[in-house]
Structure formats: structure tokens, C-alpha cells
Amino acid sequence: MRRVWSRAALEGDPVSVAPRLLNALLVTNDGAVRIVEVEAYRGSGDAASHAVMGETARNRSMFGPPGTLYVYFTYGMHYCANVVCGQPGEAGAVLLRAATVVDGLDAMTARRPTSRGPDQLCAGPARLCTALGITRLDDGADLCDPAAAIRLEHDGVPPPVAPLVGTRIGIGRRAGAAAGFPWRYGIGGSRALSRPFPSPPEGPHP
DNA sequence: CTTTGGATCGTCT
DNA sequence: GACGATCCAAAGG
């Protein structure tokens, strides 16, 4: 059985909420995907966050209530989607970086005809938005509203006990130390990751 | 397999 | 005026 996420479950620190979103479902009116990779972004104090300089017209949704969808446009051609979390008034969000298709494969393939295969349809934050048809028009939507066109759902599949952990992708040098924060999370063994996670250091020789 | 450069425009300096 | 929370195709090993 599927049910939308409660707002209360998204009130915590994005760094805590992010790994819990692994295996959650993002559902639209013509499809559904299971999230396999995310990144956490805080507000002030996180130099890599869009919200580090405070509220602007673009990042306004990041300051909204938990469960708000924050969609931004970047590189002149791509959209990326985030689940807003944290306390109201404090900016925070979890970037949805990759997912596997659960339903609506045909519609997604039609929106991304150049995809190499089903695994790659949502293997990347902009790919995910294109496949699901998410644009800036969806910015500010309430993902916890069971009647909404886009929503965050739960179907009983728990997040991994030990997710993959790594540094966030695409963070420039301007972010300083924040570029090294291990706030990227993924599901081990997934073939839909946007890119591999670095292998853990080798232990002593057996 | 890895690396490189182009696309393309809203946003903030 | 510079730069992206990116993607893709093409070129090189």
C-alpha cells in the first residue's frame, strides 16, 4: 500500500532526512520512480547550497514548509528537483539525483528518447526531471498532498541500513570545505546511480 | 574505458 | 559579465 509522506517526517536536518528518502517513491500522474541517490543541502553554513546567501526569487521554495518541491533551472537547459525539509523558516532540501522506474516506463521513454536504457532514464538529477516531466512550473508544489499531481510516497520498502556515502557532485571550489562534506547517499548495487561512489579504502591484505 | 568541449540562459555580482 | 547542485556526443587510449 502506498501512502504520502507525513510532513513531520521531513522536519529534520536535511543530512538526517536524505538517507531516509532512499527507496521512497516519487509519483506523478503518469509514472512512479524509486529514489536511489540523493544529496543533502542545508541553508546558512552550507557554502554549496543555493540558500547560503539567503532567500531570493529562485530559492524561495527552499524556505518553505517541509514537503515542498523545490525545482530550479540550471545550465540554461536543465531542471533539478529537491524535497524541502528542516524547520519552517530555515532553508534545507534534499536533491533527488537518481531513481529507478516503477511505473510509466513508456511515458518516460517518450520524454527521454535518447536514454541508453531503462536504468539510465532517471540516472541523474536533470534526467530524472526530464523523464518525469518536472519543470519550474512544479516548483512550490506540496509533495505531501495526496491529491497533488506530484507527490512523495512510501510503500513499505525501508531505506538501506548502510547506504553508500560520498561527497556531493558538481560542487565548485567556491564552496570551500563544504565540497568535502559526505552528504551524498546512494543504494549499493543500483544500476541507476548518476555516477559511481568511490570505493572504500582497501583493508590489510588477507 | 576516460577525457574533453559545446550547448544555452536564468541568476546574482 | 561570469558561472553553474548537468548532459551528451565525439575523440582519444
Side-chain angles (χ1 to χ4, degrees), chain A residues 10 13-15 17-19 21-22 26 33 35-64 68-86 90-101 108-140 143 152 163-186 191-199:
Chain A
L10 301 170
D13 183 337
V15 177
V17 173
L21 287 177
L22 295 172
L26 186 63
V33 299
I35 297 163
V36 301
E37 182 185 337
V38 297
E39 284 175 359
Y41 288 86
R42 286 179 176 160
S44 58
D46 181 359
S49 172
H50 287 169
V52 68
M53 298 299 285
E55 186 171 343
T56 67
R58 172 173 75 156
N59 67 23
R60 183 176 61 253
S61 294
M62 271 189 85
F63 291 80
T68 300
L69 178 65
Y70 167 46
V71 181
Y72 66 88
F73 181 67
T74 191
Y75 289 104
M77 65 190 93
H78 295 306
Y79 296 98
C80 295
N82 300 251
V83 177
V84 173
C85 49
E90 287 183 12
V94 174
L95 172 67
L96 305 180
R97 287 197 56 90
T100 54
V101 179
M108 294 185 208
T109 302
R111 292 188 200 99
R112 287 201 70 238
T114 63
S115 177
R116 296 282 179 136
D119 291 341
Q120 301 304 303
L121 263 176
C122 302
R127 289 168 169 177
L128 188 155
C129 283
T130 300
L132 290 174
I134 295 172
T135 71
R136 191 101 229 266
L137 297 176
D138 298 301
D139 180 56
L143 295 169
L152 185 66
L164 301 176
V165 179
T167 55
R168 296 175 291 182
I169 304 298
I171 305 303
R173 76 169 212 282
R174 311 164 31 97
F181 295 170
W183 291 353
R184 176 185 180 218
Y185 305 94
R191 282 163 290 174
L193 297 175
S194 66
R195 9 181 333 182
F197 280 70
S199 302

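The figures here come from the full heavy-atom set of this structure, side chains too, leaving out hydrogens, waters and symmetry mates. Below, chain A is the first sequence line, B the second, and so on; all start at residue 1.
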* To do: Please round to the nearest 0.5 Å and tell me the distance separating atom CZ of A:Arg191 and atom CG of A:Leu193.
  => 11.0 Å
* Asked: Whom does B:dT8 pair with, Watson-Crick or G-U wobble, provided both distances fall under 3.5 Å?
  -> none
* So what's C:dA5 paired with, Watson-Crick or G-U wobble, going by both distances under 3.5 Å? -> none
* Compare every heavy atom of A:Arg184 with every heavy atom of A:Pro196, then report the nearest pair and how far apart it is. => O-NH1, 3.4 Å
Which part of the nucleic acid, if any, lies within reach of [X] when heavy atoms closer than 4.0 Å are counted: base, sugar-phosphate only, or nothing?
{"X": "A:Arg136", "answer": "sugar-phosphate"}
{"X": "A:Arg112", "answer": "sugar-phosphate"}
{"X": "A:Arg168", "answer": "nothing"}
{"X": "A:Thr56", "answer": "sugar-phosphate"}
{"X": "A:Ala48", "answer": "base"}

Distance check needed: [N] [atom2] versus [X] [atom1], whole Å only.
{"X": "A:Phe73", "N": "B:dC12", "atom1": "CZ", "atom2": "P", "value": "14 Å"}
{"X": "A:His50", "N": "B:dT13", "atom1": "NE2", "atom2": "C1'", "value": "16 Å"}
{"X": "A:Arg60", "N": "B:dT11", "atom1": "CZ", "atom2": "C1'", "value": "14 Å"}

* Asked: If you draw a 6.0 Å radius around CZ in A:Arg112, do more than 12 non-hydrogen atoms from other residues or ligands fall strictly inside?
  -> yes
* 5' priority, DNA chain C, between A:Arg173 and A:Pro125 [closest heavy atom] -> A:Arg173
* Asked: Mind checking which nucleotides bracket the chain A contacts on DNA chain C, 5' to 3', with an atom under 4.0 Å from a heavy atom?
  -> C:dG4 to C:dC8
* To do: For the residue pair A:His50 and A:Tyr70, categorise the inter-ring angle as parallel (less than 30°), tilted (30 to 60°) or perpendicular (more than 60°).
  => perpendicular
* Measure from the side-chain N and O atoms of A:Arg42 to the backbone N and O of A:Pro14, and report whether any donor-acceptor pair falls under 3.5 Å. => no
* Do any N or O atoms from the side chain of A:Arg168 and from the backbone of A:Ala178 form a donor-acceptor pair under 3.5 angstrom? -> yes
* Considering heavy-atom distances to DNA chain B, does A:Asn59 or A:Gly76 have its closest nucleotide positioned more toward the 5' end? -> A:Gly76
* Structure fact -> salt bridge (Lys or Arg N to Asp or Glu O under 4.0 Å) filter on A:Arg111, not counting sequence neighbours, yields A:Asp30
